[in-house]
Structures are given as C-alpha cells and as structure tokens.
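Numbered from 1 within each chain, the chains take letters A, B, ... in sequence-line order.
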2 protein chains.
Amino acid sequence: MELEEAKRKFIESWGKLGSEWGINRTMAQVHALLLISPDPLTTEEIMETLSISRGNANMTLRDLIGWGLIEKQHKPGERKEYFFADKDVWNIAKQVAKERRKRELEPVIKVLDELSKVTGDASDPEFSTFNKSVTDINKLAKNVDKTLETMLGAEESWFWGGIFKLFK
Amino acid sequence: MELEEAKRKFIESWGKLGSEWGINRTMAQVHALLLISPDPLTTEEIMETLSISRGNANMTLRDLIGWGLIEKQHKPGERKEYFFADKDVWNIAKQVAKERRKRELEPVIKVLDELSKVTGDASDPEFSTFNKSVTDINKLAKNVDKTLETMLGAEESWFWGGIFKLFK
DNA sequence: TTAAACTTTCAAAAAGTTTTGAAAGTTTAA
DNA sequence: TTAAACTTTCAAAACTTTTTGAAAGTTTAA
C-alpha cells in the first residue's frame, strides 16, 4: 500500500471508530489528520485535505481543543493559526477517559445517587427489583469512577505497570 | 421521590447515557425497563409503557437479544413471548464489553495491522510520523484487546479481585 | 485610523438515524 | 384445513445531528 492511500485509510477508519463511540466523525477525522502530520496545519489546509467547510473546520477544531486533544500554535511573523495534535497515544487515551468521565459518568452517578434514596416497601417486588438494579448499577458506576480517578491520577502506578507492561 | 417517577427517571437517564455511548436511545430504554421489572414483559406491555410502535419494539428487542442482554421466555399455555433482562450488572458490563470488542475493536485492529505494514523512507517526516502514530495506536489497541480478553475470560482473576474489590 | 487577513457565528440545508404502522408472514389449536 | 393470535418486515415519515457558507466580528500592521 502506498503512503497517501494509507493516510486516507487511517483517517477514514479513525472517523468510523469515533462515530461508533459517540464522537462525531469529522472531529475524529481532523484528529487523525493532525496525528499523522509532522507539522502543524492551518484551518485552510485541514478544510482542503478533508473537503469540509470553514465553519465545520472551525467548530471541530474548537471542540478538539476543548477535549484537550490538539493545541493552537502561532508561527512568528504569521497571522494564521496552526494546529497540532499531541502524538502520545497514552496521553490521548487519558484525555478522552478524563473528559468522558466528567461529561457523562459524573452526571449519571448524580442521578443514581438520587434514585438510590427512593424508599419503599421491601416486600413489594416492584420496589425491590427497582432498588436492587439501581443500587447495583450505582455501585458499579462508582467503582468505575474511582478506578478511573486512580488510573488517571497516578502516572506510573502498579496498575499500569501490570496491565500495560507490554505497551509502555 | 415516588417510585413511579423514579422509574421514569431511571429509564430516561439510561437512555441518555446509551445514546452518548453510541447505543440507540430506545434500546437502552427498553433495557432499563426490563432491568427494573420483576416479571418478564410482553412486546405489548413494552410498547405501551414506553409509547413506541410495534415495529420499533420488535427490532429493539431483537437487537437486545443479539447483544445478549435480554432473553425470551415462554409461559406455559400462552402464545405470547415474554422478555426479561439479566439483572446481574457484572454480566451486563461483560456482555457489552465483549460485543463492542468483537464489533468495533477487532475490525480496527485489522486495519491498523495492514497500515503498520506500509513501508517507506524513515528519513521522510511524512512517513515516519504516520508510521509512529499508527504503530503506537496499534500497540495500544492490541493491549486493550488482550486485557479485555483476559478480563472477560477469567471469572474471578487477581485482576477483578484487585480492581473491583469494593464492588463484588 | 484603515483595510487586509484571518476567525467566529448561526440559520438554513443536507445528511444520517430512528420510528412508524400497515401489510405480510408465521405458528398454533381446534 | 382454518382462523385467530401473534411476530416480522420495510418503505416512508419524523426526528436528530452535522455541515454549509455567507455575514459579522476581530486582530494586526502600516
């Protein structure tokens, strides 16, 4: 396979994976493009390469900055803004985990905490089934949350040494 | 909060979380409904409770069976099919992880393996940046894959004992 | 100042996804 | 067999999300 074709394929696959995991396709594609670019790119270049509009490029770049996945860079003497991606996949994974935890897991835990407080007649199957499922899910969610917190906090814990020893 | 309101809220929240993670809202809601139902429900009852059409209910139930999250049950002397959800949250998490691994992670690894094979001039920044990102992501993906395999295979490994000791 | 170079906004359009519901198909009991 | 009871299908409609592009806004150098 030729390099240009491989690049296209990489961008396409990354976009598809993103959309399957609830991240919009364009955002994942822009991220992929920056991941394989040795140098920072301008909005113009990104628009061109991916055939997307100015508005879309701008919004997507802002979102990616919001996710902590890319950064702006200014070149001395130039007005244009350049964008580049952090290339450390471990940082990327951490950043995504961190954001999803904050944006999605935390609000759900808040609701589950409320729902866990609902009281009722323990001999009523309607109540006890509801209560068991809610408290079980709440426990799991809180454990995942705590585990993530630990994982994301500790740079090189026993945990990472154990799980990802083949990788780092 | 009253039980009926709490049930509604649980179904709504589960649906929202599902859609954020790439699972269709109705599917997550039907799953939530069955999770808090002490008894199996018919298609009719599900349609009614969630105000969805017959077609939608049928498709969604089939999908949920495909994900291994719910099962059909037949009551002796009755023609209708009843549906019920596995209530063990640990099984649910395992099942979802298993399916996503198969449906999404595996195809991506296949593409990454191919892209890793692309050869080029190591002194060309275009090639070396592409190559580094692809091989790094490939390594991470394979590690996640292996880790999931281990986790999902071993019922009560050191891993779960360690990570989820507060939960089980 | 001014105007060129660039970035941001947002309403409307396009694209993508989900849902509907009526019709077709299947199964069962008699 | 038949027909009632139930399940499945799928094209069209509704809804949701994403994208566009032109206009407005901002910054900078002279």
Take atom [atom1] in [X]; do more than 12 heavy atoms of anything else shown fall under 6.0 Å from it?
X: A/M47; atom1: CE; answer: yes
X: A/K16; atom1: NZ; answer: no
X: B/E48; atom1: CD; answer: no

Cation over ring face, A/R100 and B/W21, 6.0 Å, 45° | yes
Can the positive tip of B/R103 be found less than 6.0 Å from the middle of the six-membered ring of B/W67, inside 45° of the ring normal?
->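 Flagged: B/R103 positioned over aromatic ring of B/W67.
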Would one find a side-chain N or O of [X] under 4.0 angstrom from OP1 or OP2 of [N]?
X: A/T43; N: C/dC6; result: no
X: B/N24; N: C/dT19; result: yes
X: A/R62; N: C/dT9; result: yes
X: A/N58; N: C/dT8; result: yes

The helix from C/dT1-D/dA30 to C/dA30-D/dT1: angle between terminal helix axes, five bp per end, to the nearest 10 degrees, reads 20°
Between atom [atom1] in [X] and atom [atom2] in [N], what is the gap in whole Å?
X: A/F83; N: C/dT7; atom1: CZ; atom2: C1'; value: 9 Å
X: B/R54; N: C/dA23; atom1: CZ; atom2: P; value: 14 Å
X: B/M47; N: C/dT19; atom1: CE; atom2: C1'; value: 12 Å
X: A/R25; N: D/dT19; atom1: CZ; atom2: P; value: 6 Å
X: B/I65; N: D/dT8; atom1: CD1; atom2: P; value: 8 Å
X: B/M59; N: D/dT7; atom1: CE; atom2: C1'; value: 13 Å
X: B/L50; N: C/dT18; atom1: CG; atom2: C1'; value: 15 Å
X: B/K16; N: D/dT16; atom1: NZ; atom2: C1'; value: 15 Å

Judged by nearest nucleotide, the residue sitting upstream toward the 5' end of DNA chain C, B/I52 or A/G55, is A/G55
Between A/N56 and A/K80, just flag the one whose closest nucleotide in DNA chain C comes earlier from the 5' side.
->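 Looking at the nearest nucleotide for each, A/K80 comes out on the 5' side.
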Counting any heavy atom closer than 4.0 Å, what does A/E81 reach on the DNA or RNA strands: base, sugar-phosphate only, or nothing?
->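 Sugar-phosphate, backbone atoms only, no base.
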What nucleic acid atoms does B/S51 come within less than 4.0 Å of, heavy atoms only: base, sugar-phosphate, or nothing?
-> sugar-phosphate
State, without any angle test, whether B/N56 and B/T60 hold a side-chain donor-acceptor pair at a distance under 3.5 Å.
->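 Their side chains do contain a donor-acceptor pair, which is all the 3.5 Å distance test asks for.
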Judged by modelled atom types alone, do A/T42 and A/E45 share a side-chain donor-acceptor pair under 3.5 Å?
->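 On atom types as modelled, these side chains qualify, holding a pair under 3.5 Å.
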Out of D/dC6, D/dT27, C/dT19, whichever nucleotide has its closest atom nearest the side chain of A/R79 | D/dT27
